[in-house]
Amino acid sequence: MIRTFRPQDLDALLSLWLAGNLDAHPFIPVEYWKGQADAVRELLPQAELLVYDSGAGPAGFLGLDGCYIAGIFVDRAARSQGIGRALLDAAKQRRDVLTLHVYRDNPRAAAFYRREGFACCGEQADAQTGAPELLFRWARG
């Protein structure tokens with residue numbers, strides 16, 4: 001079931017965020033992600049968070065900042081079960097346009113967004129890490 005964020009979700013979402021980033025971005029130093037954890041803890045409750053609740057707690061979440069998807073994170077044990085797609089579909093129901101960035105060296109994520117109707121419309125260097133990233137955009141209709 002997809003629901004909105006509850007304050008008691010914060011620790012679980014932060015764990016999903018850290019594990020997801022470490023898994024998907026081995027080309028970024030581990031220290032970078034760990035160093036961002038306190039800031040992310042502060043920012044998460046300020047975003048619009050869609051939480052996939054497995055019944056045993058959060059198994060994934062998607063963060064929205066306006067029309068920008070700040071990230072989709074799914075528990076490692078629950079990946080490839082449609083949770084990411086369900087979260088993305090819920091975001092598409094709420095917005096007419098969505099944008100996001102994906103590190104170029106994360107081809108699995110780029111392929112996922114392409115399958116879900118996003119088009120790559122640019123490339124730039126991430127301001128914080130310097131790693132190249134792709135800009136993706138989706139629009140209804």
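Every value quoted in this text rests on a predicted model; they were computed, and no experiment measured them.
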Open item on the list: Under 6.0 Å between ring centres: does that hold for H25 and Y103?
Closed with: yes
Close side-chain approach of [X] to [Y], heavy-atom, < 4.5 Å:
X	Y	value
K92	L98	yes
Y52	P58	no
F118	V102	no
L18	N21	no
L49	L62	no
V74	Q81	no
C120	R114	yes

Tell me every residue that passes side-chain contact (heavy atoms from CB on, under 4.5 Å) with [X], counting only those two or more places apart in sequence or in another chain.
X	answer
D23	R76, R79
Q128	Y32, Q36, D126
A139	V97, R137
C67	R95

Which heavy atom of [X] sits nearest a heavy atom of [Y], and at what distance?
X	Y	result
I83	A59	CD1-CB, 4.2 Å
F61	L44	CE1-CD2, 3.8 Å
G117	W138	O-CD1, 3.6 Å
A91	L64	CB-CD1, 4.3 Å
F136	C121	C-SG, 4.4 Å
L50	L87	O-CD2, 3.5 Å

Once you round to the nearest 0.5 Å, how far does [atom1] of [X] lie from [atom2] of [Y]?
X	Y	atom1	atom2	result
W17	L43	CH2	CG	10.0 Å
Y113	N106	OH	CG	9.0 Å
L16	D9	CG	CG	10.0 Å
S15	L10	OG	CG	9.5 Å
I2	T4	CD1	OG1	11.5 Å
H101	L135	NE2	CG	4.5 Å

Task: All side-chain hydrogen bond (donor to acceptor under 3.5 Å, both in side chains) counterparts of R108, not counting sequence neighbours - done: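 If we apply the side-chain hydrogen bond (donor to acceptor under 3.5 Å, both in side chains) test to R108, skipping adjacent residues, the hits are S80.
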Task: Under the salt bridge (charged side-chain N to carboxylate O under 4.0 Å, His left out) test, residues paired with R140 that sit two or more places apart - done: D96
Taking [Y] as the starting point, is it possible to reach [X] by hopping between hydrophobic residues whose side chains are less than 4.5 Å apart?
X	Y	value
F73	V30	yes
V40	I28	yes
L134	I72	yes

- [ ] Report the C-alpha separation of L13 and V51 in whole Å, then their side-chain angles, then the decisive distance to 0.1 Å, and conclude whether the side chain to side chain contact (heavy atoms under 4.5 Å, CB included) test is met.
- [x] CA-CA 9 Å; L13 299 192; V51 177; 4.2 Å; yes
Task: N/O donor-acceptor pair under 3.5 Å between Q46 side chain and E42 backbone - done: yes
Task: Atom CZ of R3: over 12 foreign heavy atoms under 6.0 Å - done: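 Correct, the count exceeds 12.
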Open item on the list: Using a strict threshold of under 4.0 Å (side-chain N to carboxylate O), is an ion pair present between R104 and E133?
Closed with: no
